[in-house]
Undergrad: 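Got a structure for you, questions after.
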2 protein chains.
Amino acid sequence: MGRKRFDQMSCSVAQALEVLGDWWTLLIVREAFFGTRRFSDFSRHLGLAKNTLSDRLSHLVENGILERVDSGKTGTRYEYRLTAKGHDLLPVLTALRQWSDEWVYGEGAEPTIVRDRATGRRLPKMVPRDVEGRELSSRDLFAEPGPGADDELRQRFEVAWRRRIERRAQAG
Amino acid sequence: MGRKRFDQMSCSVAQALEVLGDWWTLLIVREAFFGTRRFSDFSRHLGLAKNTLSDRLSHLVENGILERVDSGKTGTRYEYRLTAKGHDLLPVLTALRQWSDEWVYGEGAEPTIVRDRATGRRLPKMVPRDVEGRELSSRDLFAEPGPGADDELRQRFEVAWRRRIERRAQAG
DNA sequence: TAATCTGGTTGCTTTAAAAAACCAAACTCA
DNA sequence: TGAGTTTGGTTTTTTAAAGCAACCAGATTA
């Protein structure tokens, strides 16, 4: 029956993955942040099949993450450039990179190091913080249904809320 | 020839995707953050095929993101719980969710809203910041080869560096 | 004791991604 | 000006991954 889509899920993470979750897609975006703009450069640097690259680029353009602009005088050379929506994926890529640096490669084995251009210091770890800048863990956060929540999601929040109380009672 | 792997790439993002990039995987992790622990609950809530769920859970356990613990007295009921490595994916999921809330759903249409438990205020947007807490854009950052970089990556940095200078010259 | 729940596995089918070949327009350079 | 190369793809064929359905054994519930 092939692959299921996440379209119908009322969940921001699911919708993000519907756009970014295909194999290769996020690496293409990373490559774009690195400064790559041309079809042939993406192809060479990533080593993916050209039809797949073509699909992914089209998909990213359709979803407003890249824009395809004519770069030759004649209209047969193109560049794929990050849009504002695309540039705003920096926090996602940064969080992924930092997680991997810490947990997959480990400190002292990072393939690339990111620094603040102004000071030369390493980019601090991105974590959720409150308005005063204090770090927040998942235990400091709670979620509630938003304006776009459907009935199923509202119900799930209720279940999760009840379960949380039970667990707290059990744990003493 | 089936799907290519990212194993050989010297890149943290690629390695992160090697662990997290399969279809469904990140939704399973999101579900775990929501409090889901049981096979049957993952299956019901996500609606994915059970063999795929089984594969993904095993993969997440192998990679130290979930741990499988006996929950019954007899050893036939299990729970899948986030490890420290798993919990540390919170920044990744949060960044993804916030991007999608902003760019896919748009303000006022978010399916779920995340708040600071202590104050009840909405979680501010996660962005890269310097040590003083100032926001940094991609233009404020630069990357350099780290201790784990291979020759290919070092060369790519040199090319990117040259290209950057050229572009700056062109732009005036 | 029968039925149901749990946490899967097995077998088969469909879809998606890979490689390789191909292509037309444009540019390069001799 | 003409041969060869670059660019940005598309087409065709293979293979891997994801889906459904059926099945299963041990534990729990009625």
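Any value given below was found using the heavy atoms of this structure, including those in side chains, with hydrogens, waters and symmetry copies removed. Chain letters run A, B, ... following the sequence lines, proteins first and then strands; every chain starts at 1. Given the structure is predicted, the values throughout are model-derived calculations rather than measurements.
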Undergrad: Is any side-chain nitrogen or oxygen of A/T52 closer than 4.0 Å to OP1 or OP2 of C/dA18?
TA: yes
Undergrad: D/dA17 phosphate, OP1 or OP2: any side-chain N/O from B/W24 under 4.0 angstrom?
TA: no
Undergrad: Does B/K85 pair with B/D88 as a salt bridge, N-O distance under 4.0 Å?
TA: no
Undergrad: Considering just the side-chain nitrogens and oxygens of B/S54, establish if one lies under 4.0 Å of OP1 or OP2 belonging to C/dT9.
TA: yes
Undergrad: What is the nucleic acid contact for A/R44, judged by heavy atoms within less than 4.0 Å: base, sugar-phosphate only, or nothing?
TA: nothing
Undergrad: Within this structure, what is the CD-to-C1' distance between A/E79 and D/dT7, rounded to whole angstrom?
TA: 13 Å
Undergrad: From CG of A/D41 over to P of D/dT7, roughly how many Å is that when rounded to an integer?
TA: 8 Å
Undergrad: If each of A/K4 and A/R38 is mapped to the nucleotide of DNA chain D with the nearest heavy atom, which maps nearer the 5' terminus, i.e. the 5' end?
TA: A/R38
Undergrad: Which whole-number value in Å describes the distance from B/F6 CZ to C/dA17 C1'?
TA: 11 Å
Undergrad: Could you give the CG-to-P distance, from B/L48 to C/dG7, as a whole number of Å?
TA: 14 Å
Undergrad: For B/N51, report the nucleic acid contact type (base, sugar-phosphate, nothing); a contact means any heavy atom under 4.0 Å.
TA: base
Undergrad: I'd like to know if A/E135 and A/K125 make a salt bridge, using a cut-off of under 4.0 Å between side-chain N and carboxylate O.
TA: no
Undergrad: Contact class for B/Y80 (heavy atom, under 4.0 Å): base, sugar-phosphate, or nothing?
TA: sugar-phosphate
Undergrad: Contact class for A/K50 vs. all strands (heavy atom < 4.0 Å): base, sugar-phosphate, or nothing?
TA: base
Undergrad: Of the listed nucleotides (D/dA18, D/dG9, C/dG8), which one gets closest to any side-chain atom of B/W23?
TA: D/dA18
Undergrad: Tell me: CG of A/D22 to C1' of C/dA16, nearest whole Å?
TA: 9 Å
Undergrad: Over how many whole Å does the gap from A/R77 atom CZ to C/dC27 atom C1' extend?
TA: 6 Å
Undergrad: Are OP1 or OP2 of D/dT6 and a side-chain N or O of A/S40 less than 4.0 angstrom apart?
TA: no
Undergrad: Distance check: side-chain N/O of A/R68 vs OP1/OP2 of D/dG9, anything under 4.0 Å?
TA: yes
Undergrad: Within the structure shown, what part of the strands sits under 4.0 Å from A/R5 by heavy-atom distance: base, sugar-phosphate, or nothing?
TA: nothing
Undergrad: Backbone N or O of A/G64 within a donor-acceptor pair of the A/T83 side chain at under 3.5 Å?
TA: yes
Undergrad: Report the distance from atom CZ of A/F39 to atom P of D/dT5, rounded to the nearest whole Å.
TA: 20 Å
Undergrad: Give me the ring orientation class for A/W23 and B/F6: parallel if the planes are under 30° apart, tilted from 30 to 60°, perpendicular past 60°.
TA: parallel
Undergrad: Please give, in whole Å, the distance from D/dT7 P to A/D70 CG?
TA: 16 Å
Undergrad: As a test of understanding, state which of B/R122, B/R115, B/R97 forms a salt bridge (charged side-chain N to carboxylate O under 4.0 Å, His left out) with B/E110.
TA: B/R122
